[in-house]
Colleague: 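Below you will find the structure I want to go over with you.
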4 protein chains.
Amino acid sequence: MQDPTVSLRSFPTSLARLEYLENTCGIKLNNLKENLLEGDLGENIIGGITIPLGVAGPLSLSGLHAKGDYFIPFATTEGGLVASINRGCKAISESGGAHVFSDKVGTTRGPVFSVKSRNSGEALKKWINENTSKIKEASESTSKHLKFKKVDITPVASYVFMRFYFDTDSAMGMNMVTFATDAISKLIEANTEAKCISIAGNYDIDKKPAWLNFIEGRGFKAWGEVVIPQKVVRGTLKTTSEKIFEVWLSKCMIGSAMSGSIGFNAQISNIVAAFFAATGQDLAHVVDGSLGITIAKVVNEDLYLSVYIPSLLMGIVGGGTGRPTQNDAIKLTGVKSSDEAAEILVGAALAGELSLLASLAEGSLATAHKSLGRKK
Amino acid sequence: MQDPTVSLRSFPTSLARLEYLENTCGIKLNNLKENLLEGDLGENIIGGITIPLGVAGPLSLSGLHAKGDYFIPFATTEGGLVASINRGCKAISESGGAHVFSDKVGTTRGPVFSVKSRNSGEALKKWINENTSKIKEASESTSKHLKFKKVDITPVASYVFMRFYFDTDSAMGMNMVTFATDAISKLIEANTEAKCISIAGNYDIDKKPAWLNFIEGRGFKAWGEVVIPQKVVRGTLKTTSEKIFEVWLSKCMIGSAMSGSIGFNAQISNIVAAFFAATGQDLAHVVDGSLGITIAKVVNEDLYLSVYIPSLLMGIVGGGTGRPTQNDAIKLTGVKSSDEAAEILVGAALAGELSLLASLAEGSLATAHKSLGRKK
Amino acid sequence: MQDPTVSLRSFPTSLARLEYLENTCGIKLNNLKENLLEGDLGENIIGGITIPLGVAGPLSLSGLHAKGDYFIPFATTEGGLVASINRGCKAISESGGAHVFSDKVGTTRGPVFSVKSRNSGEALKKWINENTSKIKEASESTSKHLKFKKVDITPVASYVFMRFYFDTDSAMGMNMVTFATDAISKLIEANTEAKCISIAGNYDIDKKPAWLNFIEGRGFKAWGEVVIPQKVVRGTLKTTSEKIFEVWLSKCMIGSAMSGSIGFNAQISNIVAAFFAATGQDLAHVVDGSLGITIAKVVNEDLYLSVYIPSLLMGIVGGGTGRPTQNDAIKLTGVKSSDEAAEILVGAALAGELSLLASLAEGSLATAHKSLGRKK
Amino acid sequence: MQDPTVSLRSFPTSLARLEYLENTCGIKLNNLKENLLEGDLGENIIGGITIPLGVAGPLSLSGLHAKGDYFIPFATTEGGLVASINRGCKAISESGGAHVFSDKVGTTRGPVFSVKSRNSGEALKKWINENTSKIKEASESTSKHLKFKKVDITPVASYVFMRFYFDTDSAMGMNMVTFATDAISKLIEANTEAKCISIAGNYDIDKKPAWLNFIEGRGFKAWGEVVIPQKVVRGTLKTTSEKIFEVWLSKCMIGSAMSGSIGFNAQISNIVAAFFAATGQDLAHVVDGSLGITIAKVVNEDLYLSVYIPSLLMGIVGGGTGRPTQNDAIKLTGVKSSDEAAEILVGAALAGELSLLASLAEGSLATAHKSLGRKK
């Protein structure tokens, strides 16, 4: 096919790479050509793909950080999703708004070390616990934006798994915590006989669905809850609290149990994915953000609905958040901290759960998707 | 804040919505304004966000559907990711290419029905199993692109959970299977006393991490494997097979076990997320695609590496695949079917695993991220 | 301590071993001495331990196999357990009895084979699927009590995991299926290039909690359900249906979800353990039997309660069922098949769930344990 | 069948109950009749079932609490099990003994409370954390053997899940922690607006397999490790370190991963079940004790083997440990504390893993079970 002596990396610009690919493959990539990015990002970049950006809201929230009415951006190609979230936002706002909460657990990096024996592992654990000030110092020397929070240590066989938690300020901070953990690893290797096998030993655990993240939390833990008066349930949501409860119980609890799932919810990942795409988060962290439990109750005939997401990895600076359109999307939200961002996201997730559960209860999911099938 | 009597939906164009938001929030969204989409997609769309698109390859593959050298597109804001995958592609191609395989299990929709008792549940199960030809007919009447494959039925208490599998041709087909299942549900309700509680009862199970999908498969099951001669391990990957094995064992197997994870791998979700974003897949399906197991072995001093992803939901027509830039990205791959697309994705995942495991083994992860930190 | 040249195995009788231990350790084991077993079982047996045997019932059941009123034996040292089950039996019988069902999925053995590549794995899978009649013949030649049912095959990397299901008649049959699988393995090795790494590759999966057993079933799947009229709920159970529902929802569903559990129930394992000990089952199979989901509903003001146990490994002949006292315990139940035994066990589990949930709802658990603390 | 007006509970002795059952069912229960227990335990007890008790050892251990050579009792009806453990003990002792460790995490009780909202849940969490001295006092007033250790609190929706950890001295202490938690619950209800829904809310989580117990530990965490020189591997175990490693990797790690298991081991539950039956532990806690991970390595040509069991619920006083034969079995071990008992159990589990993995590696499992099939 292509001349094997030529590498994409040898071209100086996206356009040159694009045209090389067009020539090599004998195709025309006109849409990409019209979507070249400014400057050159290196790494074989040939342009940009564009995802439609919709806005839901205003969503009325009352939280530790989020207070007020928010417009929330969602980048998605799934027809009907923004409309669905928007309906949920409307119902929540009509009900006086949702309560939201975030708890910054911290971004984790989890190296695995090799030691001689379980005894040596215990000794290593002891050394670390007695030298947290040195560990704090070594890790915090790598960035002024990073604070060491704590470490969990689990020795098993001749391995020692560690899970370092860091406050990475307004950034999600995965790179920051890698550098910090690298410094910690060097400190440990210099002072003990332990050897770092891998700076990332899946005890972080990053971008894989895992109970450790559900139970301990990672990034942000976030909660949202709302009481929807029966008038709004019947009006805006076109169903009853009792029916929503029935769908929730059979689907989110029993259905998820029967499926061996870590997610006990209706569609949290949809809202996380679209918000992450809009605001420049790492899209593989949709996996961590898909964990979560939605809980419904009928109180009198009103509907109480709550969402808990234990592992939200996100920030408002760094990584993709600095990309031009993504940065505008963040600007649109008006959030001033990643804590506030986590709270509006969990509020939006609550809206999404509300709307989808109502749609399923009413039996309109198929119809809705037919009428909202997005025009391309 | 905003005039509550005005709704975003009342504006006829993206630009009008965007300017309304600018006025209401008192901000300027210049980057989004420069990125308006052609036409109007409705649903509160105000423009598009752009994600840098990089290309890895050529990757030499030999599969049931994928045969030859492929350029593979990845949309990501994570600096270093495309370079990392590209290094893996290089190592694989230098080793004579990877073997890949895909098995189209089918897209599932899993409704939950209510019956009077476990006895009635058994009767319903019997009715369905005796009337699969009617079910086939009813479901296939909803689309000429859809074929009914099979159904798994699990009665529990007064619930009956079903999992219908459909071949949706070249599309991922989530909407298609919803319409088909809607038709089936109506057929069941017309012929039995069972009542559909929810057309989607989390026995699908869609967009939540779940053992049911790992064990039974969903969408595509896909496998990839390669033998990397020690010369390539030492040259291109700058480490040894033994060290990669050691990292794999302690991280992907023991670390994942200690974390209660459904994913026994290094970074499959990264590759799935970036490929899905590039090619217009549903980004919440990154969750399903994050399941998977990577297995390493040292054979003589060569490295055998294998990846198995049991739940890949993807297509090459429909949904976001029709968006202009995403369509170009698919065109770039040259694939002719979703089966072929699944095979190049699993091949790319293999490249990603190879490169990250090598980087961890060599101890260069932190360094690599420092030097490849993407320019914005 | 002891003379290292002397081994317990060198003594011809339990008594001789017991006295050797008494002498070596300088202790008196009078209670064991009074509990010597008849004959000599070998294997360093020095006597027998005795567990109190209680009886609950009569429990009124209507099942595929179990029909009528049953006395059910439980061997346990936990004070209050038999009384608790007995109260549940009473409530069920007062409500007209429970419906029970068992489905003999089959005892599994799951070897793991080594092949050259994923391609060879596919070939092996094909060979097996095309030669099931030979596999049936080879396996059934090992015992007249064993029937081959089916096989599930999952190739991954250079491994092929298999899960053979056998009908082992009235026995639990773990040894039987080991011999049968040994014969199959030899057949496979003689006809293909695959090599059996381990005749038990944890794809059985035996005596470890696992989603594979929950989802596919193992041994028996068993269901029980009952409607308890509010009069009985208030009278015998001293609480209300609504309160039981509230405890069930928060404990068995939400609490189990928050804990990352495979068991969504109150105390199924208690009933399984005590019944298994009474009837000579393999006590490590309590692990498999602990999987299960209990579901409650309030129907009008009556209580609907249901139990589903997907992985009951048990029999009425073979293994410990032939021990004298255990055999009497089986005789007491009057069951004629292992299917019937599985049904009375699931009925008893239903009684146990009912009673404990009621006790928790009423707030009497602590009090009950104080008053029922068993005399030693 | 029986006269419904007569209840088993109305008879004053075991013999009277037994004879009533014989008459009612028209059967003879001679073996049980010969096995009547002294005194009357109430609760419908009709006698005792007897399980053969074998002894393995001496097993040479070096731990925090266990130091020296131990004979270890196992009550089981599984032919071959004691012989298998004994072989493992022999190999370990020939290798100079195993290192063992136990860490008393504490027995947990996990109530679930109802509050008005997530905000109230946070307030409740705060109240508890600020009043741990009162909680300590209230709980410790219920028993002089109990010490409050710590509490983990997780609010979700309008529920608050708590997990109280207690040191229960030499007892497993499940009843003790129930009484203590009852006192705490009353304290909380008296001082806050929270209401206890269930004193046991499955956040304990008791007798169900769950990741929470694997990750946080429950009862005792226990580790064991040993290096078996190749001479012993070849001699006593009749195989090679490399083969054992291969079986371990494919079975305990990859096989367990493929099965969605919480147990990454060969047969830990067998050893736990037989030791628990012998020493009067609660047999439903075999479920908790089945969690665990075995890890093998080849070091030069020697075999390094390690076992980690995170959730061992056991004691040496209280409950069934006081039964005559069980008490003798404990006496035989010579242990002076439950910590020491946990260490000899994990040492025995290591022996069991070693022996079974060797047997599988050598291909002798089927043969061994044939020859060791126990005489009844």
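Lettering follows sequence order; numbering is per chain, from 1.
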Colleague: Please state whether the side chain, the backbone, both or neither of A:N265 comes within less than 4.5 Å of a heavy atom of chain B.
Modeller: both
Colleague: Who among A:I215, A:V112, A:D282 has the most heavy-atom pairs with chain B under 4.5 Å?
Modeller: A:D282
Colleague: Could you look at A:T154 and say if it's the side chain, the backbone, both or neither that has a heavy atom under 4.5 Å from chain B?
Modeller: side chain
Colleague: Does any backbone or side-chain atom of A:V247 lie under 4.5 Å from a heavy atom of chain B? Answer side chain, backbone, both or neither.
Modeller: both
Colleague: As an exercise: rank B:A157, B:G57, B:A56, B:G201 by heavy-atom pairs under 4.5 Å with chain A and give me the winner.
Modeller: B:G201
Colleague: Please classify the contact of A:L249 with chain B as side chain, backbone, both or neither, using a heavy-atom distance under 4.5 Å.
Modeller: side chain
Colleague: Answer with side chain, backbone, both or neither: which region of B:I205 has an atom nearer than 4.5 Å to a non-hydrogen atom of chain A?
Modeller: side chain
Colleague: Which answer fits A:L21, side chain, backbone, both or neither, if we ask what part of it has an atom under 4.5 Å from a heavy atom of chain B?
Modeller: side chain
Colleague: With chain A as the partner, which of B:I27, B:T181, B:N270 has the greatest number of non-hydrogen pairs under 4.5 Å?
Modeller: B:N270
Colleague: Which atoms of A:Q281 come close to chain B, meaning under 4.5 Å heavy atom to heavy atom: side chain ones, backbone ones, both, or neither?
Modeller: backbone
Colleague: So, B:E22 and B:K33, do they make that salt bridge, N to O below 4.0 Å?
Modeller: yes
Colleague: Can you tell me which portion of B:I254 sits under 4.5 Å from chain A's heavy atoms? Options are side chain, backbone, both or neither.
Modeller: both
Colleague: Decide, yes or no, whether a salt bridge links A:E78 with B:K207 under the criterion of side-chain N to carboxylate O below 4.0 Å.
Modeller: yes
Colleague: Specify which of B:N327, B:L291, B:V55, B:L360 makes the most heavy-atom pairs with chain A at under 4.5 Å.
Modeller: B:V55
Colleague: Would you confirm whether B:T142, through its side chain, and B:F179, through its main-chain N or O, come within 3.5 Å as a donor-acceptor pair?
Modeller: no
Colleague: side-chain contact (heavy atoms from CB on, under 4.5 Å) between A:K208 and B:Q267: does it pass, once the steps are laid out?
Modeller: CA-CA 8 Å; A:K208 290 121 210 147; B:Q267 64 160 348; 5.6 Å; no
Colleague: Does any heavy atom of chain B fall under 4.5 Å from the side chain of A:I262, the backbone, both, or neither of them?
Modeller: both
Colleague: Just by distance, do the side chain of A:R109 and the backbone of A:D204 share a donor-acceptor pair under 3.5 Å?
Modeller: no
Colleague: Between chain B and each of A:L212, A:L37, A:L53, A:L32, count heavy-atom pairs under 4.5 Å; write down the option with the most.
Modeller: A:L53
Colleague: Is A:L332 in contact with chain B via its backbone, its side chain, both, or neither, using a 4.5 Å heavy-atom distance?
Modeller: both
Colleague: Check whether B:T279 reaches the backbone of B:Q326 with its side chain - one donor and one acceptor, N or O, closer than 3.5 Å.
Modeller: no
Colleague: So which residue, B:A361, B:S14, B:S259, ends up with the most heavy-atom pairs under 4.5 Å with chain A?
Modeller: B:S259
Colleague: Is it the backbone or the side chain of B:A266 that comes under 4.5 Å from a heavy atom of chain A, or both, or neither?
Modeller: backbone
Colleague: Does any heavy atom of chain B fall under 4.5 Å from the side chain of A:I268, the backbone, both, or neither of them?
Modeller: neither
Colleague: Can you tell which of B:T50, B:N86, B:I46, B:L283 has the highest number of heavy-atom pairs within less than 4.5 Å of chain A?
Modeller: B:T50
Colleague: Quick one: CG on B:D182 to OG1 on B:T178, what's the gap to the nearest 0.5 Å?
Modeller: 8.5 Å
Colleague: For chain B, which of A:T321, A:L356, A:L357, A:V287 has the most heavy-atom pairs under 4.5 Å?
Modeller: A:V287
Colleague: Side chain, backbone, both or neither: which part of A:N35 has an atom under 4.5 Å from a heavy atom of chain B?
Modeller: side chain
Colleague: Nearest 0.5 Å, what's the CD1-CG distance between B:I45 and B:L36?
Modeller: 12.0 Å
Colleague: Can you tell which of A:Y203, A:F214, A:F276, A:F264 has the highest number of heavy-atom pairs within less than 4.5 Å of chain B?
Modeller: A:Y203
Colleague: Which bit of A:I51 is near chain B, if near means a heavy-atom gap under 4.5 Å: side chain, backbone, both or neither?
Modeller: both
Colleague: Against chain B, label A:V156 side chain, backbone, both or neither, depending on which of its atoms sit under 4.5 Å from a heavy atom there.
Modeller: side chain
